[in-house]
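Nothing fancy with the numbering, it's 1 onward along the sequence. Whatever order the structure lists ligands and atoms in, that order sets their numbers, starting from 1.
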Amino acid sequence: MKRVLVLAGTSQARELIGAMPEGVEVTASLAGVTRTPVDLGCATRVGGFGGVDGLVAYLRAERIDILVDATHPFATQMTRQAASAAAETGVAHVILQREGWTPEAGDDWRFVNEFDEVAGIVPEGCTVFLGTGRQTLEQFANMSGRRLLCRVIDPPQRDFPFAGGQFVVGRPPFSIEEEVAFFTRESVDWLVVKNAGGARSRSKLDAARQLGLPVVMQRRPALPDAPVVRSVADCLAWLAAQG
Ligand code: NAP
């Protein structure tokens, strides 16, 4: 029986695990970022491996045959380390990463590579919705004079680090109507978003278009040299081809 390790933390990882065929033994891996992770319905380990060496040791100890990196497109470090560990161990490796979003008619998007570029785009006095996650907050330290709203999954255990800003607690997905209501209620002028891709979290972009709000979109980081599949169906086909 093939032993598959799925690096998870995304809805695509969850869908993949739910669709795994008979005859594979699946273990999921979560970083341990959210305090109450969703039950993935398979054996699940939680927490970092301890860099490339730790992952290499894990792959060997657990006799993993196949490593599926289904982490978020912006989980750059894990994706890089997974590629290195797979190369070192010879474990078959694939990256499952959905396509990024592209603008549609009526969208007003500006693209950046790094969040410290946002201050040069968004004027002072604006209310800015950050859909970029708690861990990115310090990258907005040069945004003084703007009101920042940072959406987080877990209730924060610390005060908001910048004057005038606040955390907004909520677990995705959100409908377009919910996003429109939220942006209107909070008088949001700009959105800052990572190009995560996927239908479920596109709702904030559809809401921005409806309201005529501009969006700063962070481009995706480059992927390591490894096979990439864009959908759960393509990933299952890739797995089937491994014999
Ligand atoms: P990251 O910066 O690429 O990784 C930081 C460290 O966290 C890694 O070096 C690794 O620790 C550990 N790690 C990350 N993903 C892991 C996994 N699936 N299983 C075990 N350890 C993992 O990752 P991140 O951006 O903090 O993301 C962490 C998790 O949240 C990922 O599972 C990702 O799919 C999910 N997520 C991220 C985002 C985002 O915007 N970045 C959004 C939604 C969900 P060691 O070096 O000790 O092995």
Quick one: ligand 1 N/O to protein N/O pairs below 3.5 Å?
unit_1	atom_1	unit_2	atom_2	d
ligand 1	3 (O)	Ala75	O	3.1
ligand 1	3 (O)	Thr76	N	3.3
ligand 1	3 (O)	Gln77	N	3.0
ligand 1	3 (O)	Met78	N	2.8
ligand 1	9 (O)	Gln77	NE2	3.1
ligand 1	9 (O)	Gln81	NE2	3.3
ligand 1	18 (N)	Ala8	O	3.4
ligand 1	18 (N)	Ser29	O	3.0
ligand 1	19 (N)	Ser29	OG	2.7
ligand 1	32 (O)	Ala8	O	2.7
ligand 1	34 (O)	Ala8	O	3.2
ligand 1	34 (O)	His72	N	2.9
ligand 1	40 (O)	His72	ND1	3.3
ligand 1	40 (O)	Lys194	NZ	2.6
ligand 1	46 (O)	Gly51	N	3.1
ligand 1	46 (O)	Gln81	NE2	3.0
ligand 1	47 (O)	Phe49	N	3.3
ligand 1	47 (O)	Gly50	N	2.8
ligand 1	48 (O)	Phe49	N	2.7
ligand 1	48 (O)	Gly50	N	3.3

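- At a threshold of 4.0 Å, the pair Glu25-Lys2 does not count as salt-bridged, since none of the basic side-chain nitrogens sits closer than that to a carboxylate oxygen.
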Show me the donor-acceptor pairs within less than 3.5 Å that the side chains of residues 148-155 make with the rest of the protein, sequence neighbours left out.
unit_1	atom_1	unit_2	atom_2	d
Arg151	NH1	Glu179	OE1	2.9
Arg151	NH2	Glu179	OE2	2.7
Asp154	OD2	Arg35	N	3.0

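- Grouping Ile, Leu, Val, Met, Phe, Trp and Tyr by side-chain contacts under 4.5 Å, direct or through others, puts Ile95 with Leu223, Val228.
- Judged as a side-chain hydrogen bond (donor to acceptor under 3.5 Å, both in side chains), and not counting sequence neighbours, Gln242 has no contacts.
- Trp109 and Phe111 have perpendicular rings, their planes meeting at more than 60° on a 0 to 90° scale where under 30° would count as parallel.
- A donor and an acceptor atom, one from each side chain of Ser175 and Ser203, are nowhere located under 3.5 Å apart.
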